[in-house]
Amino acid sequence: MDDARTTTLYDAIGGEAAVRTLTRRFYEIMDTAPEAAACRAVHPPSLAGSEAKLYDYLTGWLGGPPLYTDKHGHPMLRRRHFAAAIGPAEIEGWLFCFRMALEESVDHPELRRIILEPVTRLAHHMHNREG
């Protein structure tokens with residue numbers, strides 16, 4: 001029998017350490033970058049809870065352990081984000097942070113592209129207000 005294994009994006013980028021680095025850097029950028037001001041404004045004063053949830057979500061989404069669903073159930077991301085006013089400025093700020101953090105934490109350009117394309121679609125799916 002052939003023991004071929006599928007490598008997940010989680011494993012390909014470096015597993016737990018890489019996802020922790022990515023999410024930590026994402027929120028550091030959000031907390032300091034002027035480009036992310038609108039996005040930062042819809043988050044609570046402390047980003048610790050948001051960072052923990054994004055870490056859990058990305059871990060499972062990238063093919064690692066299903067931390068988010070184990071703790072919180074189905075993500076229902078659009079529904080969970082509906083309380084926050086998310087328009088073009090918030091989306092672009094969020095994507096700015098994600099792109100920067102991804103650039104800094106994932107070395108391989110093809111892996112970054114593979115991750116960024118669906119994340120970009122997901123970010124735009126969160127749109128719930130104009131202006």
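Note that the numbering runs from 1 along the sequence shown for the chain. Side chains included, hydrogens not; waters and symmetry mates left out as well; all remaining heavy atoms used. Values in this document were obtained by computation on a predicted structure and should not be read as measured data.
- R40 has its side chain within reach of L47: a pair of non-hydrogen atoms, C-beta onward, lies under 4.5 Å apart.
- Partners of H124 by side-chain contact (heavy atoms from CB on, under 4.5 Å), not counting sequence neighbours, listed by chain and number: I91, E92, L95, T120.
- Partners of R24 under the side-chain contact (heavy atoms from CB on, under 4.5 Å) rule, at least two apart in sequence or in another chain, are R20, T21, E28, E51.
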Stepwise salt bridge (Lys or Arg N to Asp or Glu O under 4.0 Å) check, R99 with E103: CA-CA 6 Å; R99 278 191 300 269; E103 274 289 320; over 6 Å; no

Residues 55-66 side chain polar contacts: donor-acceptor under 3.5 Å, at least two apart:
residue: D56; atom: OD1; partner: K71; partner atom: NZ; Å: 3.4
residue: D56; atom: OD2; partner: K71; partner atom: NZ; Å: 2.9
residue: T59; atom: OG1; partner: Y55; partner atom: O; Å: 2.8

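- I86 places a side-chain heavy atom less than 4.5 Å from the side chain of H81.
- Residues meeting the ring-ring contact (aromatic ring centres under 6.0 Å, His included) test with H72, sequence neighbours left out: Y68.
- Taken to the nearest 0.5 Å, the CZ atom of R78 stands 11.0 Å off from the CG atom of L122.
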Verdict with supporting geometry, E90 and M126, side chain to side chain contact (heavy atoms under 4.5 Å, CB included): CA-CA 10 Å; E90 291 78 15; M126 297 299 112; over 6 Å; no

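- Here the CG-CD distance, from L102 to E104, works out to 10.0 Å after rounding to the nearest 0.5 Å.
- Linking ILVMFWY residues whenever their side-chain heavy atoms come closer than 4.5 Å, directly or via other members, leaves L54 and M100 in distinct clusters.
- Within the structure, every pair that satisfies the ring pair (Phe, Tyr, Trp, His ring centres under 6.0 Å) test and touches residues 95-114, not counting sequence neighbours, is listed here: W94-F98.
- The closest side-chain heavy-atom distance from S50 to H43 is below 4.5 Å.
- When every heavy atom of P88 is checked against every heavy atom of H127, the shortest pair comes out as CD-NE2, 3.7 Å.
- For the pair I13 and R112, the minimum side-chain heavy-atom distance is 4.5 Å or more.
- Note that the SG atom of C97 and the CE atom of M30 stand 5.0 Å from one another [nearest 0.5 Å].
- Residues satisfying the side-chain contact (heavy atoms from CB on, under 4.5 Å) criterion with R79, sequence neighbours excluded, are M76.
- Counting non-hydrogen atoms of other residues, nucleotides and ligands closer than 6.0 Å to CG of D107 gives a total of 12 or fewer.
- No chain of hydrophobic side-chain contacts below 4.5 Å, direct or via other Ile, Leu, Val, Met, Phe, Trp or Tyr residues, connects V42 to F82.
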